[in-house]
Amino acid sequence: MSDPVQNGLDAMRRATCEALERAPGAGSGDPVVTVAAPGRVNLIGEHTDYNDGYVLPAAIDRWVVMSGRRWGGSEVWVRALDRQEEARFSLDGLSPDRAGELPDWARYVAGTLWSLQLEGFQLEGMALAFTGSVPQGMGLSSSAALEVATGQLALTLHQAELAPLRLAQAAQRAENQFVGVACGIMDQFTATLGEAGHALLLDCRSLEYRALPIPETLTFFVVHPPQGRTLAGSGYNRRRQECEAAAQLLAQAKPGVKALRDVTSDDLRFLEARVGESFRGHPVATLHRRARHVVEENGRVLALAQALEQGHLETVGRLVSESHQSLRDLFQVSTPTIDRWVEALIHLPGCLGARLVGGGFGGSILAVVRREAAGAFQDQAANLTEGGEAAHLFPCRPVDGVRVLGMVSKSET
Ligand code: GLA
């Protein structure tokens with residue numbers, strides 16, 4: 001029986017291999033390797049990862065697919081099929097200072113190779129081509145998927161190995177230092193270590209994790225309302241600074257606080273008593289809201305993990321919706337459009353809960369829906385419109401993290 005997901009992967013693989021054939025100097029007989037790294041949804045635990053907290057994401061059946069081969073020297077040629085653009089850069093002297101010379105999308109690729117060099121890998125020049133089915137700018141981690149695909153492909157091409165967690169960390173370093181977004185570890189971790197049928201309960205401080213089965217009775221939908229793309233970069237970095245300032249201020253009252261992970265609801269009274277003041281240029285009232293979100297969201301992650309294990313789907317849904325309210329009111333990363341759509345979606349058949357997913361300032365909504373009502377939910381959600389436009393909407397399922405799709409000698413591609 002034909003499997004549309006596998007067919008989609010096969011088609012992406014063929015397209016990237018064909019693009020390599022057209023790479024300048026495509027004469028080498030070196031094997032072509034193809035890898036696929038998934039995007040992710042996050043069930044709960046938003047803006048907790050860089051506060052050393054808990055997250056519960058799942059890799060989804062949307063991928064960045066990248067093919068490549070080595071060609072000696074130190075030059076990298078990379079083609080982005082969807083943009084019909086290409087970039088070239090040298091592996092000699094790769095550095096974050098010169099990232100600005102590359103197109104935005106190529107910084108994820110070059111940054112990951114730079115990060116692998118820092119891990120001690122001596123990389124040779126490569127020709128690379130990629131495409132993908134992870135929608136971009138929708139809060140589904142297309143950038144982490146691109147980084148992890150690049151890293152895994154470069155390692156495989158060099159017959160080198162790196163523990164999956166180290167690969168995730170190398171990809172995160174690329175985004176932090178080369179691209180300049182101060183993201184946490186969640187997205188790269190999920191793209192690397194995702195498990196089919198499971199969400200990952202990750203402690204972002206110890207990096208210990210447990211894979212929790214997603215009950216068969218649940219379906220996840222991603223809903224992207226008609227609106228502009230996410231422009232998360234600067235707002236995201238600011239939220240991170242606010243969280244760090246809140247933790248520093250709280251450490252005055254409670255020595256030993258290193259991150260908001262170390263704070264309880266009771267500790268927040270110290271901030272409450274200072275809401276008229278400011279600290280390091282931030283109003284304490286703002287720091288209080290940010291800290292309260294993180295403290296309560298960490299609690300919700302653990303509660304949701306337990307509800308999942310006990311099969312309490314109503315509780316799962318309630319916590320998902322509470323997370324949204326907190327992102328809207330306390331962390332203030334939602335948008336009026338997202339709020340309207342969340343409100344509309346939670347009233348549709350079978351919808352247990354819905355929330356903004358990812359960094360925010362736009363992006364997508366995750367709706368958690370009873371499987372038996374998934375058809376009715378999808379039909380009715382597809383009929384919702386804003387300004388005459390419908391949302392982009394699809395069900396998704398948890399899949400494995402990055403994998404090598406195949407390795408063939410050039411004559412077989
Ligand atoms: C983005 C970042 C993650 C995480 C989320 C918010 O996706 O890349 O590290 O901080 O936002 O939870």
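Numbering starts at 1 and runs along the sequence shown. Hydrogens, waters and symmetry mates are skipped; everything else that's a heavy atom, side chains included, is used. Order of listing sets the numbers, starting from 1, for every ligand and every atom in it.
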Residue, atom name and distance, where the atom is the protein heavy atom closest to atom 10 (O) of ligand 1
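Checked against all protein heavy atoms, atom 10 (O) of ligand 1 sits closest to Tyr236 OH, 2.6 Å.
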Identify, by atom number and element, the atoms of ligand 1 in contact range of [X], meaning under 4.0 Å from any of its heavy atoms.
X: Arg40; value: 7 (O)
X: Tyr50; value: 10 (O)
X: Gly184; value: 9 (O)
X: Cys183; value: 2 (C), 8 (O), 9 (O)

Can you tell me if Arg240 contacts ligand 1 (heavy atom of the residue under 4.0 Å from the ligand)?
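No.
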May I ask you to check whether [X] has an N/O atom sitting below 3.5 Å from an N/O atom of ligand 1?
X: Met186; result: no
X: Asp49; result: yes
X: Thr48; result: no
X: Asp187; result: yes
X: His47; result: yes

Please list, chain by chain and in numerical order, all residues satisfying side-chain hydrogen bond (donor to acceptor under 3.5 Å, both in side chains) with Ser67, sequence neighbours excluded.
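Checked Ser67 against side-chain hydrogen bond (donor to acceptor under 3.5 Å, both in side chains); matches are Thr16, Thr34.
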Whether [Y] and [X] form a salt bridge (side-chain N of Lys/Arg under 4.0 Å from carboxylate O of Asp/Glu) is what I want to check.
X: Glu297; Y: Arg292; answer: no
X: Arg69; Y: Asp30; answer: no
X: Asp52; Y: Arg205; answer: yes

Centroid-to-centroid, Trp63 to Phe130, below 6.0 Å?
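No, too far apart.
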Does the gap between the ring centers of Phe189 and Tyr209 come in under 6.0 Å?
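Yes, the ring centres sit under 6.0 Å apart.
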Main-chain N/O of Ala182 paired to Asn237 side chain as donor or acceptor, under 3.5 Å:
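Yes, Asn237 side chain to Ala182 backbone: donor-acceptor pair under 3.5 Å.
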Between Arg239 and ligand 1, which part of the residue brings a heavy atom under 4.0 Å of the ligand: side chain, backbone, both or neither?
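Neither part.
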Please list, one pair per line, the donor and acceptor atoms closer than 3.5 Å that link side chains of residues 373-396 to other protein atoms, with sequence neighbours excluded.
unit_1: Asn383; atom_1: ND2; unit_2: Asp379; atom_2: O; d: 3.3
unit_1: Glu386; atom_1: OE1; unit_2: Trp341; atom_2: NE1; d: 2.7
unit_1: Glu386; atom_1: OE2; unit_2: Arg340; atom_2: NE; d: 3.4
unit_1: Glu386; atom_1: OE2; unit_2: Arg340; atom_2: NH2; d: 2.6

